[in-house]
Amino acid sequence: MPLLLDLEPLRSNTDYRRLYAGFTLSNIGSQLAVVAIGLQVYDLTRSTASVGVVGLCALVPLVVMGLYGGTLVDHFDRRIVGLVAQSVAFVVSVLCVLQAWMGNTSVLVLYALVAAWNAAFAVSSPARTSIYPRILRRDQLPAANALSVFAMNASMTVGPLLAGLLVDWGGFRAAYTVDAVITTAALWGLARLPSLPPEPSDSGEATSTRRAPGIRSVLDGFSFLATRPNVRMTFIADICAMVLAQPRVLFPAAGAVIFGGGATTVGLLSAAAAVGGIGAMFFSGRLGSVIHQGRAILISIIGWGAAIAGLGAAMLAAGDVLTRGQALWVGLVAMGVAGGSDSVSAVFRTTILQSATPDHLRGRLQGVFIVVVAGGPRLGELLGGFVAENIGEGLTAVVGGFACVAAIVVLARVTPGFLRYDARNPTP
């Protein structure tokens, strides 16, 4: 088993290679657009609160369409669902270009575009993730998910840097135009796939007789989740990490007061997590040989919690035990470890979800996954902000990190079956 990132899915599967290349480029454009929209909102309003509303405009359609979109994925041809959703995202990208070239001065237009794009993403993402188990062997899924996490971390590094360069060079028009052009790559990857209608359920239920997309179909997915402890634990463990130990809300204070350096420090802390994720995935070749993937998830999240506590310790030590510069370096290393741990956890959580969920429910469970991934960090930011107002940012990170570790230890004790989860015989 190789030590470095396993490229076998890319080498052996043409469909996967096109899909991966298309969405990697598209994700860079998406991250570019996210930064550009935030900058444009601030340029129009000079209000940080107005920039914060962008997140709310993204969250609501992510939750609603993440759940409903999963039912579409389970009922219709996944290639078609992905193509339609990605086409909507492309149209939104083009509208971003047009509003920039026409000199738009209304922040409401930008909010509407953010909502529309995230609604499309909430459908295209579960469609794409549900396609992978249909075009790859089960033993290739860990490697494919490691490649996906690697690409996402890379896009979160390259996209914002590219946005800054393009906005400085050619303004918002240049940034949005580049995004629209490279978004077409995802359409190309999906268009070249074969037809992928959902497979019959284990009971032999045909797609044509399956419950139509809607609230009852969504509830079927939750009913499955309620009775399948291994799949359910992938969500609960991630919620513990994102709600109890979410550091992002602490970064502005870290830059403005604790470490110093302002926006540059905030950017470095965010980038450190992405770089840690890239490093972990670069050396992810042996993840495919891990049998007890549930155990690996819990260990990874313990690593996340410990790293966030380390960030908090660095914040508490800044200017006292350590100089600000020394404390910042400790904080950056901690965020790198956190990013690497989160990436390993993401690989195995996605792999269990893909392997242990029946094909006819994969779309709905991936929709729930989108909701958890989108909503968990925002709940964590809300909780972290409230706690930090009362006990300070450094202590908030320390307490949150240890609370995350404690929660995972408790979960490991009350769900021993998750520790014994065997990737060779995936059971939900």
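Every heavy atom of this structure was used, including side-chain atoms; hydrogens, water molecules and symmetry mates were not.
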Problem set entry | Worked verdict on L147 versus E8 for side-chain contact (heavy atoms from CB on, under 4.5 Å) | CA-CA 10 Å; L147 284 164; E8 172 59 23; over 6 Å; no
For this session: Give the C-alpha distance, both sets of side-chain angles, the deciding distance and a yes or no for salt bridge (charged side-chain N to carboxylate O under 4.0 Å, His left out) between D139 and R137.
Result: CA-CA 5 Å; D139 63 293; R137 301 191 312 269; 3.0 Å; yes
For this session: Inspect the surroundings of CZ in R413 and state if more than 12 heavy atoms from other residues, nucleotides or ligands are less than 6.0 Å away.
Result: no
Problem set entry | With sequence neighbours excluded, residues passing ring pair (Phe, Tyr, Trp, His ring centres under 6.0 Å) with Y132 | Y16
For this session: Using the ring-ring contact (aromatic ring centres under 6.0 Å, His included) rule, collect all pairs that involve residues 159-189, keeping only residues at least two apart or in two chains.
Result: none
For this session: Carefully, step by step, assess N145 and Q354 under the rule side-chain contact (heavy atoms from CB on, under 4.5 Å).
Result: CA-CA 10 Å; N145 290 323; Q354 291 170 328; 2.9 Å; yes
For this session: Start with the C-alpha distance between S12 and Q140, add both sets of side-chain angles, then the distance that settles side-chain hydrogen bond (donor to acceptor under 3.5 Å, both in side chains), and finish with yes or no.
Result: CA-CA 10 Å; S12 64; Q140 292 179 319; 3.1 Å; yes
Problem set entry | Test item: Q99 side-chain N/O and C96 main-chain N/O as donor-acceptor pair under 3.5 Å | yes
For this session: List the steps and the verdict of side-chain contact (heavy atoms from CB on, under 4.5 Å) for T14 and R192.
Result: CA-CA 10 Å; T14 303; R192 298 295 299 274; over 6 Å; no
Problem set entry | I239 CD1 to T234 OG1 distance, which is reported to the nearest 0.5 Å | 9.5 Å
Problem set entry | Stepwise side-chain contact (heavy atoms from CB on, under 4.5 Å) test for Q293 and S355 | CA-CA 11 Å; Q293 295 175 345; S355 302; 5.7 Å; no
Problem set entry | Electrostatic pair R424-D422, nearest N-O below 4.0 angstrom | yes
Exercise. Will you find, in the side chains of D179 and T183, an N or O donor that is under 3.5 Å from an N or O acceptor?
Worked result: yes
